[in-house]
Every structure is written in C-alpha cells, then in structure tokens.
Amino acid sequence: MTDTFKSGCASIVGRTNVGKSTLLNRLLMQKVAAISKRRQTTRNKITGFLHLPNAQIILVDTPGIHQSKKTLNAMMVRASISTFSDVDLILVMLSADTGFCDEDEFVLNSMQGVKTKKILVINKIDLVEKNSLLALMDEMNRKSLFEEIIPISALKEDGLDSLKSLIVNYLPEGPEYFPRDRVTDCSEGFLFGEIIREKILKLARFEVPHSVAVVVEDMQEQDNGVLRIDATVYTEKTSQKKILIGEGGSMLKNIGRLARQELEKRLSTKIFLKLFVKVRANWRDQRQAIEEFGYTR
Ligand SMILES: Nc1nc2c(ncn2[C@@H]2O[C@H](COP(=O)(O)OP(=O)(O)OP(=O)(O)O)[C@@H](O)[C@H]2O)c(=O)[nH]1
Ligand SMILES: [Mg+2]
C-alpha cells in the first residue's frame with residue numbers, strides 16, 4: 001500500500017441483463033440505477049462516485065449493447081460505445097449462468113480496435129458450479145483481450161473488494177474530483193423517475209414496460225410536511241395506457257404504492273405520489289421526445 005491517491009473513470013459494459021446496474025448499486029452501497037429482470041432496463045449512462053481511502057473511482061453504468069432499429073435503442077447503444085475511449089478502464093461484464101453467448105460476441109465486436117484496458121467481470125457466479133466457471137474463465141482467457149478476469153456475484157456481494165482493488169490498480173494517480181458526500185451526478189428527479197419506472201418494469205408485461213418513460217414534473221413540500229411528487233408516465237399507445245391504469249385504476253395504484261414505499265424509505269419522509277398517464281405516440285422513434293424524457297444525458 002502506497003500513499004499515492006488514484007482517481008479515474010471505469011465504465012461497466014456488456015449485453016443486457018448481465019447485472020451491470022446491480023454492480024453499480026452494490027459498489028456504491030446505494031441504489032442509483034434501476035434493476036429488473038427485463039431486457040434493456042438502463043437507458044442512459046449513469047455515473048456514480050465510489051470513494052475509497054486511497055482512490056476515487058468514477059463508475060459509469062451503461063445501457064446493454066444490443067441490436068435494434070428503434071431510435072431510442074440505437075442512442076442507448078451509442079451511449080455505451082461512447083464510453084470506450086472516454087474512460088481509463090472498461091469493465092466488460094458477462095453472466096456466468098449463460099456463458100459467452102452471441103450477444104456477448106456482439107459486445108466484443110463493438111470493441112474492436114479499442115485501446116482502453118479491459119477487465120472481464122464474470123457475474124452471477126452464485127448460479128453456477130465451480131467447474132463450469134473455470135471452463136468459462138479458460139475460454140475467455142484464450143481470447144487474450146483482457147488484462148484480468150475476475151469472477152463475482154454482484155447480488156451476493158461476493159468478490160467486490162477484490163474487484164475494487166483491481167480497478168484501483170489500473171487507475172492513474174490523480175486528485176479527488178468529487179466531494180466525498182456526492183454519490184452520483186443524476187438529479188433527484190431522474191432518480192425518482194427511475195424508481196417509478198422500475199416498478200412498472202416489475203408489474204407490467206410484454207411490450208408495455210419498454211414503451212414507458214417517466215418524467216418527474218414537480219416536487220413540493222406541503223404545509224403538512226408531506227412531500228408531493230407529480231410524475232407523468234408516458235406510453236406509446238392508448239391500449240398501453242389502459243393496461244397501465246388497469247381495471248378501476250388498480251395497476252396504477254399498485255405501481256404508485258410500490259414506488260411511494262421505496263421513496264418514503266429512501267427519503268425518510270411521508271410522500272404523496274401523483275401519477276398521470278399520457279400517450280406520446282412512437283416516442284421511442286423521436287429524438288426530441290427521447291431528449292425531453294432525459295435519456296440523452
Ligand atoms: N443470481 C444473480 N442475479 C443477479 C446478479 N446480478 C444481477 N442479477 C440479476 O440480474 C437481473 C438483471 O440485472 P441488472 O443489474 O438490471 O442488469 P443490467 O446488466 O444492468 O441490464 P440492462 O440495464 O438491461 O443492460 C436482475 O434480475 C438482477 O437481480 C448476481 O450476481 N446473481
Ligand atoms: Mg442496467
């Protein structure tokens with residue numbers, strides 16, 4: 001251990017669902033990014049600051065790299081790829097339970113010619129036997145693309161200390177760029193909107209969760225001390241709006257209740273959450289709407 005202070009940026013990239021956002025949240029010990037078992041949960045870069053005694057790691061969670069014709073999805077992938085040459089280190093993530101699949105191959109192909117150093121993070125090792133993990137590590141090692149290969153379970157917080165030390169090894173000496181009490185560069189409005197969207201991802205099915213954007217319009221502390229949050233849930237079609245509202249408003253009520261409970265716990269205050277559902281036809285193919293909804297930050 002030396003006295004030198006290190007700082008720099010590491011992006012977490014990979015196909016959808018490998019656990020990139022789970023890793024960001026677990027490393028930061030705070031929920032910053034939405035998590036779900038559905039595909040393409042994360043839609044933009046989400047930056048978190050990990051403060052260690054001898055280092056500051058700027059972590060960038062990115063949308064899963066995938067193929068799609070929609071404008072939103074193309075912009076998401078571009079956001080991920082834009083980090084490759086912007087960071088000091090790329091954490092390429094695989095999921096141990098699926099092994100190296102075609103979608104992972106697509107991710108590696110998108111990195112051809114990228115000079116930035118890469119660490120391969122094999123996640124979800126809690127789901128596999130040791131032998132299959134060793135075989136996967138061996139298969140990946142033979143590609144000679146990575147400085148290091150590290151197995152972890154983000155969910156079980158297994159291997160995270162080793163991962164932190166490994167990242168610090170590859171960062172340059174540098175100053176503390178951000179104050180120690182700062183965890184993310186995301187606005188409260190964005191973070192709260194993501195909490196609401198996460199509940200929609202949990203409760204709605206098929207195409208509905210993917211068609212949804214959430215915008216927090218207003219936050220006001222009321223005279224009785226209750227924090228009122230007004231948010232709009234945008235869908236692409238009237239049929240999706242109907243599903244989101246549900247019979248007698250039951251679906252929207254459940255979404256609101258889950259989101260409110262999480263927000264109340266997080267802010268340690270009573271919250272009145274008012275959700276409005278609106279249709280914005282084909283917004284995922286409209287750059288202006290995508291920007292307005294905050295997915296280009
Ligand atoms: N068993 C297990 N599940 C995990 C682990 N890490 C993440 N998951 C689960 O994997 C699913 C996807 O996690 P996310 O963190 O949303 O994945 P992501 O890579 O950010 O996905 P996108 O944002 O869609 O690209 C969730 O259901 C997580 O709970 C892990 O270490 N073990
Ligand atoms: Mg994610």
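Read the numbers this way: they start at 1 and go in the same order the structure lists the ligands and their atoms. Starting from 1, each residue takes its place in the sequence as its number.
- Heavy atoms only, all atoms of each residue included: A34 and S21 are closest at O-CB, 3.7 Å.
- Close approach of ligand 1 to K20 (heavy-atom distance below 4.0 Å) involves ligand atoms 15 (O), 17 (O), 18 (P), 19 (O), 20 (O), 21 (O), 22 (P), 25 (O).
- The Q40 neighbourhood of ligand 1 comprises atoms 24 (O), with distances under 4.0 Å to a heavy atom of that residue.
- What sits closest to atom 6 (N) of ligand 1 on the protein, heavy atoms only, is N123 ND2, 3.1 Å.
- Ring-plane geometry between Y295 and F190 is classed as perpendicular, the angle between the planes exceeding 60 degrees on a 0 to 90 degree scale with a lower cut at 30.
- At a 4.0 Å heavy-atom cut-off, ligand 1 touches S36 through the backbone alone.
- Closest non-hydrogen pair, N123 versus A154, comes out as OD1-N, 2.8 Å.
- Heavy-atom proximity to T22, at under 4.0 Å, picks out these atoms of ligand 1: 6 (N), 7 (C), 13 (O), 14 (P), 15 (O), 28 (C).
- The closest protein non-hydrogen atom to atom 24 (O) of ligand 1 is T16 OG1, 2.6 Å.
- Using a 4.0 Å cut-off between heavy atoms, L127 contacts ligand 1 through its side chain alone, with no backbone atom that close.
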L94/V121 under side-chain contact (heavy atoms from CB on, under 4.5 Å): CA gap, chis, key distance, verdict
CA-CA 6 Å; L94 290 189; V121 179; over 6 Å; no
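- Near K37, meaning under 4.0 Å from one of its heavy atoms, ligand 1 places the atoms 27 (O).
- For the Mg ion (ligand 2), the tally of protein N/O/S atoms lying closer than 2.8 Å stands at 2.
- Taking the six-membered ring for Trp and thresholds of 30 and 60 degrees, F178 and F49 have nearly parallel ring planes, at less than 30 degrees apart.
- Ionic pairing of E147 and K118 is not present here: no N-O contact between side-chain nitrogen and carboxylate oxygen is shorter than 4.0 angstrom.
- In this structure, D285 pairs ionically with K70, as a charged nitrogen and a carboxylate oxygen lie closer than 4.0 Å.
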Can you list, pair by pair, the side-chain donor-acceptor contacts under 3.5 Å of residues 130-143, counting residues two or more places apart and other chains?
unit_1, atom_1, unit_2, atom_2, d
S132, OG, E129, O, 3.1
D138, OD2, R142, NH2, 3.3

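- Legend: side-chain hydrogen bond (donor to acceptor under 3.5 Å, both in side chains) pairs involving residues 26-37, not counting sequence neighbours, sorted by first then second residue: R26-E157, K31-E198, K31-E262, S36-T41.
- For W283 and F293, the ring centers are positioned less than 6.0 Å apart.
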Only distances under 3.5 Å count here; give the side-chain donor-acceptor pairs of residues 247-259 to other protein atoms, sequence neighbours excluded, each with its distance to 0.1 Å.
unit_1, atom_1, unit_2, atom_2, d
S250, OG, E247, O, 2.9
N254, OD1, R257, NH2, 2.9

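- The protein non-hydrogen atom at the shortest distance from atom 12 (C) of ligand 1 is N17 OD1, 3.1 Å.
- Here the heavy atom of the protein found nearest to atom 1 (N) of ligand 1 is D126 OD2, 2.9 Å.
- For atom 8 (N) of ligand 1, the closest non-hydrogen atom of the protein is K124 CE, 3.7 Å.
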